[in-house]
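Input: a single structure, listed below in C-alpha cells.
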Amino acid sequence: MPPATPELISPRSPRVAAARRLAKRNFRGKERLFLAEGPQAVREAAGHRAGDAATLVELFATLEAAERYADIVGEARDAGARVHLASEQVIADISTTVTPQGLAGVCRFLDTPFEEVLAARPRLVALLANVRDPGNAGTVLRCADAAGAEAVVLTDASVDVYNPKAVRASVGSLFHLPVAVGVPVEQAVEGLRAAGVRVLAADGAGDRDLDDELDKGTMGGPTAWVFGNEAWGLPEETRALTDAVVRVPIHGKAESLNLATAAAVCLYASARAQRAAGGCRSVTGN
C-alpha cells in the first residue's frame, strides 16, 4: 500500500499536540472534538456523518496499522479525513491506552439535541443520571445499542461521553444511535413522559419486581429506564420523578448487580416485551 503521506508526521507537530490535548475534557469541550482509538472505533467514525459533515476529521496511523487496516484508511480518506503516518511513539503519545492498536482518529462531537430525541418518538431509551464512571457509561451505551434502543440520554451530572474510556467501552456504539448530553434529570423525565414514554427507575430497592412487571404485560409500551450512580444509586428525589421504581430480582446469593449488568437486563426485558405480540416494536428489524 502506498504511504498515507510522504513521511512520518513529527512528534512536535502542532497536529500531534492538538490531538494529544483531546485526552482532557476542557480541550474536548472547547474544540468539540474527541479521540476514537483502535480499528473498530475508527471504522465506525469513518462511516458516520452528521448531516453533511463527516465525523472523522483526522487519522493518525502507524505504517503497520495502515497496511493491516488499509480498508479503514481508505474509508477515512473517502470521508475526507486528513491521514498522517505516525511512529509508534506518536500514537502512544496521542493514545490513552496502555497498548495502542496503531490507529487514532480525531472526531467531531456527534451528540443530538434532546428536543430531536423527543421529536423522533423513541420507544426505548436509557437515561443515565449521575453515572460517573466512563467505562460504565460506554458499556450501558453499548447495551442500549444492542437492545435496539433509539437513544441514550446523559444528565448534566453524568460523565463526559467523549471520555476516551467511555468511547472505547462503547465499542463503536457511540456512532450508532442518538446520544443527548447535559440534560437536567427533571427536564429529561418530564420531556420523555410528555412524549408518551413511561419512565422507570432501575433500583435494587424498588417496590416493583421486573419479573412481575413482565408477567403482568406492562412492559410493551414506550419505555425509558433511568440508571443511577454506581455507588449510591438513584436519590429519592429522582425516583419520585419516575412512574415506577423497578428492581431486578436476585434469585441467587449475589448481593447486587453492577450498573452495566442491570442495565442490560432491564433494556433487554423491555426490548423483548416490545417485540411480543401486541408490542410496539421489532428490535430485529432495526
Side-chain angles (χ1 to χ4, degrees), residues 117 122-133 135-155 158-159 161 166 169-171 173 176-180 183 185 188-189 192-193 195-236 238-252 254-276 279-284 286:
V117 169
R123 300 304 226 179
L124 185 57
V125 177
L127 172 58
L128 278 60
N130 284 298
V131 172
R132 302 294 180 86
D133 182 86
N136 277 334
T139 303
V140 173
L141 201 158
R142 183 184 183 186
C143 292
D145 180 21
E150 284 88 5
V152 172
V153 179
L154 288 90
T155 67
S158 287
V159 69
V161 74
S170 81
V171 195
S173 288
H176 293 170
L177 74 171
V179 178
V183 186
V185 65
V189 172
L192 288 164
R193 188 180 289 117
V197 179
R198 185 183 184 216
V199 182
L200 301 178
D203 193 286
D207 56 359
R208 299 196 189 185
D209 182 282
L210 180 60
D211 284 351
D212 291 343
E213 293 299 305
L214 288 168
D215 290 343
K216 293 175 185 176
T218 64
M219 302 290 294
T223 303
W225 282 98
V226 185
F227 304 108
N229 182 270
E230 296 85 352
W232 58 82
L234 290 167
E236 176 56 37
T238 300
R239 294 197 297 269
L241 294 171
T242 65
D243 296 304
V245 183
V246 181
R247 66 182 182 274
V248 175
I250 302 294
H251 301 301
E255 184 271 333
S256 64
L257 295 174
N258 66 26
L259 171 65
T261 303
V265 171
C266 294
L267 291 165
Y268 267 92
S270 288
R272 178 164 184 171
Q274 292 177 0
R275 290 174 59 197
C280 62
R281 64 187 277 109
S282 172
V283 173
T284 56
N286 285 354

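On a predicted model such as this, the values are computed, not experimentally measured, just so you know.
The line from CG of Asp209 to NZ of Lys216 is 9.0 Å long, rounded to the nearest 0.5 Å. Once rounded to the nearest 0.5 Å, the distance linking CG of Leu241 with CG of Leu192 reads 11.5 Å.
For Asp211, the side chain to side chain donor-acceptor pair (under 3.5 Å) partners are His251, not counting sequence neighbours. Not counting sequence neighbours, the partners of Asp145 by the side chain to side chain donor-acceptor pair (under 3.5 Å) test are Ser173, His176. A search for side chain to side chain contact (heavy atoms under 4.5 Å, CB included) contacts involving Ala269 returns Leu210, Leu214, not counting sequence neighbours. In this structure Arg193 satisfies the salt bridge (charged side-chain N to carboxylate O under 4.0 Å, His left out) test together with Asp243, sequence neighbours excluded. Not counting sequence neighbours, the partners of Ser158 by the side chain to side chain donor-acceptor pair (under 3.5 Å) test are Thr155. In this structure, the salt bridge (charged side-chain N to carboxylate O under 4.0 Å, His left out) partners of Arg239, at least two apart in sequence or on a different chain, are Asp203, Glu236.
Judged by distance alone, the side chain of Tyr268 and the main-chain N or O of Cys143 form no donor-acceptor pair under 3.5 Å. For the pair Glu230 (side chain) and Asn258 (backbone), a donor-acceptor distance under 3.5 Å is absent.
Using a 4.5 Å cut-off on side-chain heavy atoms (C-beta onward), Val131 and Leu154 make no contact. The shortest distance between side-chain heavy atoms of Trp225 and Val265 does not fall below 4.5 Å. Residues Glu150 and Leu124 have side chains in contact (heavy-atom distance under 4.5 Å, counting atoms from C-beta outward). Side chains of Arg198 and Thr218 form a contact here, defined as non-hydrogen atoms less than 4.5 Å apart.
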Original post:
Checking side chain to side chain contact (heavy atoms under 4.5 Å, CB included) for the pair Val189/Leu127: CA distance, chi angles, key distance, verdict?
Top reply: CA-CA 9 Å; Val189 172; Leu127 172 58; 4.1 Å; yes
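In terms of heavy atoms, Arg123 sits closest to Pro222 at NH1-CG, 3.0 Å. Nearest heavy atoms, Ala137 versus Val159: CB-CG1, 3.5 Å. Pairing each heavy atom of Thr223 with each of Ser270, the nearest pair is CG2-OG, 3.9 Å. Closest of all the heavy-atom pairs between Gly228 and Leu234 is CA-CD2, 3.5 Å. Shown here for Ala144 and Val152, the closest heavy-atom pair between the two residues is CB-CG2, 3.7 Å. Annotation for Ala260 and Val140: closest pair CA-CG2, 4.1 Å, computed over non-hydrogen atoms.
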